[in-house]
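These notes are about the structure you will find just below.
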Amino acid sequence: MQEKQKIINIAVIAHVDAGKSTLVDAFLNQSGVFRANEEVADCVMDSDDIERERGITIYSKNCSVMHGDVKINIVDTPGHADFSSEVERIMKTVDTVILLVDSSEGPMPQTRFVLQKSLEQGLNPILLINKIDKRDARLKEVLDEVYELFMELNANDAQLDFPILYGIARQGIAVLDPSEAEGVQVASALGGKLARHTAGGQGGLDITPLFQIITEHCGTYPDRREEPLQFQVSTLGYDDYIGRLGIGRITRGVIRAGQAVSVCKPDGSVVRRKINQVFVYRGLKRTAVEEAECGDIVVVSGIPDISIGETICQEDVPEAMEAIHIEEPTLSMNFMVNKSPFAGKSGKYVTSRHIRERLEKELEVNVGLLVEPTESTDSFKVSGRGELHLSILIENMRREGYELAVSRPEVILRRDGQGRKLEPVEQVVVTVPEAYSGPVISALNLRKGVMTAMSGKEGYCRLEYLVPTRGLMGYRSEFINETRGEGIMVRRFACFEPYKGDIPQRSNGVAVAQEEGVATAYALFSISERVQLFIEPGTRVYEGMIIGMNSRNMDMVVNPCREKKVSNMRAAGSDEAIRLSPARTFTLEEALEFISDDELVEVVPDDIRLRKKQLKELERRRSGR
């Protein structure tokens with residue numbers, strides 16, 4: 001038998017914006033994956049349109065590089081708490097993790113979560129303190145904070161003895177001693193612009209020390225090719241041509257294209273299936289192979305009902321691996337058929353059948369999602385890990401040509417053994433200028449938050465809170481206004497705690513259009529004295545559509561289509577000189593945060609509109625009674 005290929009699987013984990021995807025760029029660039037003249041985008045692993053626009057990683061992705069004779073499979077993971085189900089699953093497929101920590105921020109809420117998952121799997125992490133070129137870098141304090149975090153998470157002696165590197169991922173630099181990178185001028189002015197970052201290294205420095213640490217710290221996968229096949233699916237994929245794909249690491253044995261296998265289901269049953277094709281990762285590409293060996297991360301096709309956590313085994317030796325536990329959703333909302341007067345004017349898929357089929361397709365790959373039927377055939381209850389998790393799905397549907405209406409997100413409550421009501425609570429870390437800390441503390445206290453820590457440095461105040469998820473709904477836009485855009489708020493699910501009681505919600509009413517038509521500047525000018533407008537002159541509106549936020553705490557019905565009448569005193573066109581304040585526009589997340597229980601967000605390919613559930617004023621009055 002020929003010598004087994006040397007394989008190491010690693011995952012890059014960190015809080016959002018710590019530089020995970022940028023580090024993967026450096027791995028790919030410095031291992032010769034790209035041609036010398038190839039134009040390569042920054043964060044090349046973030047290939048999805050929404051990932052590129054928002055600058056975040058949403059889906060965990062695989063690639064591989066060669067370092068000498070060792071194949072290193074790399075998994076790039078999301079940093080947002082809403083996509084943490086992506087992180088949970090891949091921990092079983094890797095041999096070690098590279099934990100990135102920002103040299104200024106230190107460990108953040110999501111750092112704790114991803115590190116905890118890796119320690120639970122018995123992995124021995126490698127620490128990389130990134131962005132050491134920052135002016136406010138505090139390397140010693142951050143290292144102490146990381147040690148404290150490891151001890152809080154009950155790391156064993158081997159895990160506490162982690163290798164430490166310092167780096168500037170965007171320049172492709174990793175060093176064992178930060179003094180080695182002191183002379184690197186990353187943000188040097190070139191013709192009035194900052195130096196463009198290059199993942200290929202700078203000043204004679206590159207990520208070779210990191211490659212060496214990986215190969216020394218984590219031995220290559222043992223040769224278990226003679227043992228019976230065992231391969232657990234940790235991620236799902238979908239291909240329009242070959243159908244559902246199972247992705248995971250081969251624990252032992254060899255898997256071959258066309259091989260007959262046994263699939264062990266979570267309920268203990270075993271079914272016979274046949275592998276169609278086997279793919280491995282070479283660079284960024286998925287390459288079809290005849291067979292793959294133990295230790296490698298592979299993609300298999302041909303099993304249409306494969307699911308997360310199922311074990312593919314040798315046909316005559318079905319031996320299931322321990323199930324992968326996925327944390328349950330914490331937030332739900334209703335996806336409904338769009339029934340507004342403008343329904344069907346811009347979307348391609350508008351019926352309940354279209355929405356149901358799209359949600360079923362999403363369930364093929366998105367295991368953190370749960371879809372349940374409701375009493376109405378035109379509505380589906382969709383549950384996920386957070387507002388961002390659900391809004392990404394809605395945004396993808398909108399871009400694909402779907403029309404739908406969605407309700408305000410609601411937290412999912414549980415009951416404990418004594419029958420008490422429990423609700424999700426989130427850990428919130430807020431960094432704000434000291435001048436704005438008072439309003440933030442007051443607002444979080446009103447929302448039933450409990451402060452757990454407070455510290456200050458260089459004019460900034462850092463607050464740590466435990467706040468019910470219900471209390472954080474709709475708070476982000478208020479937080480941005482209170483801190484004049486200078487505050488930073490990060491949050492992650494912490495635990496379930498006893499129900500906290502009533503929490504105050506939006507205190508302002510809305511302005512609701514009285515009739516269908518085109519909004520005029522003349523009408524909006526008189527309305528704007530009492531209302532913050534959401535629409536511009538020339539916008540088509542319908543009865544029941546929300547066009548602004550009232551300055552008082554009650555809803556107000558207005559007519560935005562009223563025109564100035566022609567008379568012998570005034571001309572109808574003399575209102576052209578009217579100047580209105582710019583209308584407030586909503587992103588999808590902001591719209592979902594803003595609406596109340598009796599309102600909906602109407603999502604169509606070319607617009608996002610707010611509306612009342614009951615469009616007619618008379619119907620709203622009756623239901624209000």
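Remember, predicted model here, so these are calculated numbers, not experimental data.
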Q | Positive for side-chain contact (heavy atoms from CB on, under 4.5 Å) with L472, one of E593, E426, R447 | A | E426
Which atom pair, heavy atoms only, marks the closest approach of [X] to [Y]?
X    : Y    : result
E536 : A583 : OE2-N, 3.4 Å
I547 : A513 : CG2-CB, 4.1 Å
I242 : L245 : CD1-CD2, 3.7 Å
G501 : K448 : C-NZ, 4.1 Å
A494 : L466 : CB-CD2, 4.1 Å
S64  : R282 : OG-CA, 3.4 Å

With a 4.5 Å heavy-atom cut-off, do [X] and [Y] have their side chains touching?
X    : Y    : result
Q259 : L229 : yes
N9   : V75  : no
S118 : I13  : yes

Can you tell me if [X] uses its side chain to pair, donor with acceptor, with the backbone of [Y] under 3.5 Å?
X    : Y    : value
R272 : S262 : no
S391 : L588 : no
T311 : M321 : yes
E403 : G347 : yes
D267 : S269 : yes
R420 : P498 : no
E497 : P468 : no

Q) salt bridge (charged side-chain N to carboxylate O under 4.0 Å, His left out): which pairs involve residues 301-314, sequence neighbours left out? A)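 Listed once each, the pairs are K265-D305, K265-E310, R273-D305.
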In this structure, are over 12 heavy atoms from other groups packed under 6.0 Å from [X] atom [atom1]?
X    : atom1 : result
E372 : CD    : yes
R584 : CZ    : yes
E315 : CD    : yes

(Q) Are Y349 and Y402, when compared by the centres of their aromatic rings, separated by less than 6.0 Å? (A) yes
salt_bridge([X], [Y]) N-O dist < 4.0 Å:
X    : Y    : value
K361 : E357 : no
E619 : R622 : no
D378 : K339 : yes
R540 : E516 : yes

Q. Judged by modelled atom types alone, do E563 and T520 share a side-chain donor-acceptor pair under 3.5 Å?
A.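 There is no such pair (donor and acceptor under 3.5 Å, judged by atom type) between the side chains of E563 and T520.
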Q: Go through the side-chain N and O atoms of N550 and D555 and say whether any donor and acceptor fall under 3.5 Å apart.
A: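 No donor-acceptor contact under 3.5 Å links the two side chains.
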Q: Give the intermediate values and the outcome of side-chain hydrogen bond (donor to acceptor under 3.5 Å, both in side chains) for residues T251 and Q230.
A: CA-CA 6 Å; T251 307; Q230 194 177 46; 4.7 Å; no
Q.
Can you classify the ring geometry of F586 versus F594 as parallel (below 30°), tilted (30 to 60°) or perpendicular (above 60°)?
A.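 Tilted: the ring planes of F586 and F594 meet at 30° to 60°.
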Q: Could you walk me through whether E599 and R408 pass salt bridge (Lys or Arg N to Asp or Glu O under 4.0 Å), step by step?
A: CA-CA 7 Å; E599 296 162 4; R408 184 172 186 266; over 6 Å; no
Q. D598 pairs by salt bridge (charged side-chain N to carboxylate O under 4.0 Å, His left out) with which of K613, R620, R621, K612?
A. K612
